[in-house]
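Everything numeric here is computed off the predicted structure, so don't read it as measured data. Residue numbers begin at 1 in each chain, while the letters A, B, ... track the order of the sequences.
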Amino acid sequence: MAVTGSKCRSCKAPAVIDLPRHNANFCAEHLLQLCRRQMEKAIHDYSMFGPDDRLLVAVSGGKDSLAVWDMLVEAGYHADGFYVGLGIGDYSAESERYVRSFADERGLHLITVDLRDEYGYDIPTASRATKRVPCSSCGMSKRHLFDKAAVDGGYDAVITGHNLDDEAAVLLGNVLHWDVDYLARQRPVLEARDGFPRKAKPLVRLTERETAAWCLLRGIDYLVEECPIAAGNRHLHHKDVLNRIEKESPSSKAAFYLNFIDNMAPVLAGHSAAANGELQGCRRCGAPTTGDVCAFCRLVDTASAHEPVPVELVLGKRGRR
Amino acid sequence: MPGDRTVNHLLDALDLVRESHLVICNGTLVPGDARLAEDDVVEIRPVISGGSH
């Protein structure tokens with residue numbers, strides 16, 4: 001049995017985790033309390049949604065999406081789940097199994113869509129057909145389907161499990177390129193507009209280490225394995241860089257992102273409004289788009305016409321781990 | 001690994017960043033100063049995830 005000397009900051013019981021950014025250690029009970037308070041603070045401070053809103057949680061089977069679903073339900077919110085089958089070989093089969101188990105064990109409502117069954121393509125095939133990195137067509141497909149499911153189902157907001165590490169890494173990438181349009185759109189909540197549903201990220205004040213600990217302590221079985229075709233992407237590299245900075249200077253990551261939201265997002269708000277542009281309904285599916293046919297419908301056309309591509313062929317290009 | 005050591009020493013020895021990992025000893029989450037014995041069963045769980053946004 002491991003012997004630990006550190007004590008919980010709140011109750012002096014033996015600690016289970018050290019959080020240098022809080023300059024504190026916590027027992028299981030008080031780590032869970034910290035996570036609840038950080039989520040509620042984000043929901044409140046950024047006016048994400050109200051207690052009576054119907055929420056649609058985008059779930060992948062990973063720790064963050066299951067953690068946010070669990071935390072919202074525990075806090076009394078009405079939250080249903082939405083899962084997209086991406087067709088990434090065994091990884092997708094496993095991820096769906098985790099999501100279904102989570103929902104079934106808790107009696108929660110889960111909506112599922114399978115790309116291959118309903119739209120005639122999967123992510124490896126889309127990547128090959130469009131000659132773009134898999135994460136590009138994956139992200140676009142998921143965003144479109146989340147929006148569609150929320151609008152069709154009459155939900156008040158789409159919820160994603162993006163955490164502090166995710167947002168800080170995206171911010172670093174946007175700053176490295178001074179991509180002002182992306183910077184202007186990087187907010188913890190996006191209001192509904194022009195056919196898009198409201199979108200909120202209640203975990204932006206929690207790190208990945210904290211959401212993983214939440215799952216562990218709450219007995220949530222999640223898919224630990226990373227998406228095999230995301231391995232080695234730039235986003236993961238940015239996270240690694242930030243965590244090495246965090247090691248030398250605790251709380252840098254939180255300051256980097258949260259101060260951006262407090263200090264820079266208001267400055268960029270005008271730019272965001274100007275960058276939105278005129279939107280109209282897609283001629284094919286009705287989704288908001290700046291063109292005649294939306295990017296998702298064009299992707300479906302290209303990818304569904306392509307012969308199915310096994311995930312192994314895409315793995316070979318991305319660098320198998 | 002031979003010899004008793006703390007969680008932090010173990011992560012340093014493996015060149016792993018604490019912020020990117022949880023350490024579970026004999027099924028229980030443990031902090032950085034927890035002392036590990038040779039016969040402990042230790043899982044070092046990476047917590048970093050995510051595709052591009």
Q) Which is it for A/D165 and B/V47 under the side chain to side chain contact (heavy atoms under 4.5 Å, CB included) test, yes or no, and what are the steps along the way? A) CA-CA 10 Å; A/D165 293 75; B/V47 299; over 6 Å; no
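Looking at A/L216, the atoms closer than 4.5 Å to chain B (heavy atoms on both sides) all sit in the side chain, from C-beta outward. Contacts between A/P20 and chain B at a heavy-atom distance below 4.5 Å involve the side chain alone, from C-beta outward. For A/N243, the parts sitting under 4.5 Å from any heavy atom of chain B are the backbone and the side chain alike. Using a 4.5 Å cut-off between heavy atoms, A/K142 does not touch chain B at all. Neither the backbone nor the side chain of A/N163 comes within contact range of chain B; no heavy atom of the residue lies under 4.5 Å from a heavy atom of that chain.
Note: A/E208 CD to B/S20 OG = 8.0 Å, rounded to the nearest 0.5 Å. To the nearest 0.5 angstrom, B/R45 atom CZ is 10.5 Å from A/K63 atom NZ. In this structure, SG on A/C27 lies 11.5 Å from CG on B/L29, to the nearest 0.5 angstrom.
Taking all atoms of both residues into account, the shortest heavy-atom contact from A/D166 to B/S49 is OD1-O, 3.8 Å. Considering all non-hydrogen atoms of both residues, B/G32 and A/D18 come closest at N-OD1, 3.2 Å.
B/R18 pairs with exactly one of A/R209, A/E246, A/K247 by the side-chain contact (heavy atoms from CB on, under 4.5 Å) rule, that one being A/R209.
Put simply, the side chain of A/S6 reaches to within 4.5 Å of the side chain of B/D33, judged on heavy atoms. Contact of the B/I48 side chain with the A/L236 side chain is registered, since non-hydrogen atoms from C-beta on lie closer than 4.5 Å.
The 12-atom threshold is not exceeded at OH of A/Y182, counting heavy atoms of other residues, nucleotides or ligands nearer than 6.0 Å.
The pair A/R21-B/E19 fails the salt-bridge criterion, with no side-chain N (NZ, NE, NH1 or NH2) lying under 4.0 Å from an Asp/Glu carboxylate O.
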